[in-house]
Engineer: 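Before we start, here is the structure in question, set down as structure tokens.
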There are 2 protein chains.
Amino acid sequence: MRKTIFIFGLLILALLLLFRLSKYALISGDFQIEIVISVVAVIFFVIGSFINKRTFQKEIRKHKTIDHQKIKDLGLSKREYQVLQEVAMGLSNQEIANKLFVSESTIKTHVSSLLVKLNAKRRTQAIQVAKDINII
Amino acid sequence: MRKTIFIFGLLILALLLLFRLSKYALISGDFQIEIVISVVAVIFFVIGSFINKRTFQKEIRKHKTIDHQKIKDLGLSKREYQVLQEVAMGLSNQEIANKLFVSESTIKTHVSSLLVKLNAKRRTQAIQVAKDINII
DNA sequence: AGCAATTTAGTACTTTAGTATGAGCCATCC
DNA sequence: GGATGGCTCATACTAAAGTACTAAATTGCT
């Protein structure tokens with residue numbers, strides 16, 4: 001919000017500055033009205049593009065951001081979440097075990113509690129649920 | 001490409017029109033230079049925003065659109081692709097069989113060939129691959 | 001220090017997934 | 001009309017996944 005106000009303040013300032021400059025330029029006869037208008041057009045075209053770009057990038061990020069609050073709400077532990085990520089990458093229990101330097105039994109335990117917490121019957125369903133609620 | 005040329009043509013036309021109008025307005029003394037510049041600024045701000053919006057929406061769509069060409073390239077049949085979608089939804093072979101009114105054996109066959117064509121060892125990996133290459 | 005939660009690991013078992021192979025049916029394309 | 005590819009289904013098997021416990025070591029917190 002503060003940023004928006006700041007930006008619009010700058011815009012108004014720039015506009016006022018342009019008024020002065022254009023008036024001076026026209027009176028002094030150094031420039032033609034066409035050039036002044038062209039410059040103004042280009043400047044505001046760029047400003048419009050820039051602001052819009054910012055807005056869109058934010059929205060994209062919002063959609064793709066992982067919901068850390070949701071992870072806490074579900075009661076997923078750090079390790080469980082780690083395992084969930086590996087599961088979503090398509091690894092087998094054994095592969096995850098090797099990657100995390102633990103036994104397959106451990107991974108099975110984690111996956112089982114994951115399925116309960118995510119209310120899923122299979123790991124594939126868990127992946128689907130996790131993606132739905134933006135935690136991966 | 002034609003669209004781009006068309007749009008830029010319109011832009012130049014609008015600019016030329018503004019030149020005429022602004023000159024007339026200034027000479028006739030009906031308007032002040034501030035108003036003319038403000039109008040130009042607003043117009044090009046809007047144009048800049050609009051064009052940028054279009055560009056971004058296209059890029060987003062490109063990322064989220066399923067790549068039908070890729071599906072053909074991989075040699076996925078209609079039924080196989082159907083099964084792939086259900087697998088990605090987290091269903092078991094039996095559930096998919098019920099949904100498509102075929103036996104579990106049939107689904108197993110489809111899944112097996114899916115794994116070969118997607119170069120995956122497990123269904124979870126197949127899901128990952130499929131999402132990577134934008135076919136689901 | 002002591003409690004609660006987490007992480008680890010095991011056994012024993014059931015269920016689901018995946019492989020390999022063969023075979024029948026059907027539409028389509030030379 | 002035979003070859004091809006896609007869809008179906010079955011059997012028999014192996015491998016992986018998942019469940020249901022138990023339990024020890026670790027960590028975090030008050």
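Naming convention: chains lettered A, B, ... in sequence-line order (proteins, then strands); numbering from 1 in each chain. As the structure is a prediction and not an experimental result, all values here were calculated from the model.
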Engineer: Measure the shortest side-chain to side-chain distance between A:V102 and A:I107 over non-hydrogen atoms and say whether it is less than 4.5 angstrom.
Structural biologist: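 When only atoms from C-beta onward are counted, A:I107 and A:V102 do touch, with a gap below 4.5 Å.
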
Engineer: Heavy-atom contacts under 4.0 Å between residues 108-136 of chain A and DNA chain C, which residues?
Structural biologist: A:T109, A:H110, A:R122

Engineer: Please examine the side chains of A:N134 and A:T65, heavy atoms only from C-beta on, and report whether any two atoms are closer than 4.5 Å.
Structural biologist: no

Engineer: Once you round to the nearest 0.5 Å, how far does CD1 of B:I127 lie from CD of B:Q85?
Structural biologist: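 Answer for the CD1-CD pair, B:I127 versus B:Q85, is 12.0 Å.
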
Engineer: Taking only residues at least two apart or on different chains, which pairs with a member in residues 110-119 of chain B satisfy side chain to side chain donor-acceptor pair (under 3.5 Å)?
Structural biologist: B:E80-B:S113, B:E80-B:K117

Engineer: With a 4.0 Å cut-off, would you call A:E86 and A:R123 a salt bridge?
Structural biologist: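 Between A:R123 and A:E86 there is no salt bridge, as every charged N stays at least 4.0 Å from the carboxylate O atoms.
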
Engineer: Judged by modelled atom types alone, do A:T106 and A:T109 share a side-chain donor-acceptor pair under 3.5 Å?
Structural biologist: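 On atom types as modelled, these side chains do not qualify, holding no pair under 3.5 Å.
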
Engineer: Report, as yes or no, whether the 6.0 Å neighbourhood of atom NZ on A:K131 holds more than 12 heavy atoms from other residues, nucleotides or ligands.
Structural biologist: yes

Engineer: Would you say the side chain of A:L84 lies within less than 4.5 Å of the side chain of A:V111, judging by non-hydrogen atoms?
Structural biologist: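 Heavy-atom side-chain distance check fails, nothing below 4.5 Å.
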
Engineer: Nearest nucleotide by nearest heavy atom, which residue falls closer to the 5' end of DNA chain D, B:G75 or B:F101?
Structural biologist: B:G75

Engineer: Determine the sole option in B:I66, B:D73, B:I71 for which the side chain to side chain contact (heavy atoms under 4.5 Å, CB included) test with B:Q69 is passed.
Structural biologist: B:D73

Engineer: Can you find a heavy atom in the side chain of A:L115 that is under 4.5 Å from one in the side chain of A:K121?
Structural biologist: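 A side-chain contact is absent here, since even the closest heavy-atom pair is not under 4.5 Å.
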
Engineer: What pairs with A:S49 under side chain to side chain contact (heavy atoms under 4.5 Å, CB included), at least two apart in sequence or on another chain?
Structural biologist: A:F45, B:N52

Engineer: Which whole-number value in Å describes the distance from B:L100 CG to D:dC9 P?
Structural biologist: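 It is 11 Å, rounded to the nearest whole Å.
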
Engineer: At under 4.0 Å between heavy atoms, how does the protein contact nucleotides 24-30 of chain C? Give one character per nucleotide, 5' to 3', with B, S or -.
Structural biologist: -------

Engineer: If we only count heavy atoms from C-beta on, is the A:L74 to A:I135 side-chain gap below 4.5 Å?
Structural biologist: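 In contact.
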
Engineer: Over the length of the helix from C:dA1-D:dT30 to C:dC30-D:dG1, how much do the five-pair end axes diverge, rounded to 10 degrees?
Structural biologist: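 Between the first-five-pair axis and the last-five-pair axis there is 50°.
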
Engineer: C:dA9, OP1 or OP2 - any side-chain N/O from A:S103 closer than 4.0 Å?
Structural biologist: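 Yes, such a contact exists.
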
Engineer: Under a 4.5 Å cut-off applied to non-hydrogen side-chain atoms, are A:Y81 and A:I136 in contact?
Structural biologist: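 A:Y81 vs A:I136: side chains touch.
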
Engineer: Figure out the CD/P separation between A:E104 and D:dA16, and round it to whole Å.
Structural biologist: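 Distance check: A:E104 CD to D:dA16 P gives 8 Å.
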
Engineer: Residues of residues 79-96 of chain B with any non-hydrogen atom less than 4.0 angstrom from an atom of DNA chain D: list those, numerically ordered, please.
Structural biologist: B:R79

Engineer: Taking CD1 from B:I107 and P from C:dT19, how many angstroms apart are they, rounded to a whole number?
Structural biologist: 15 Å

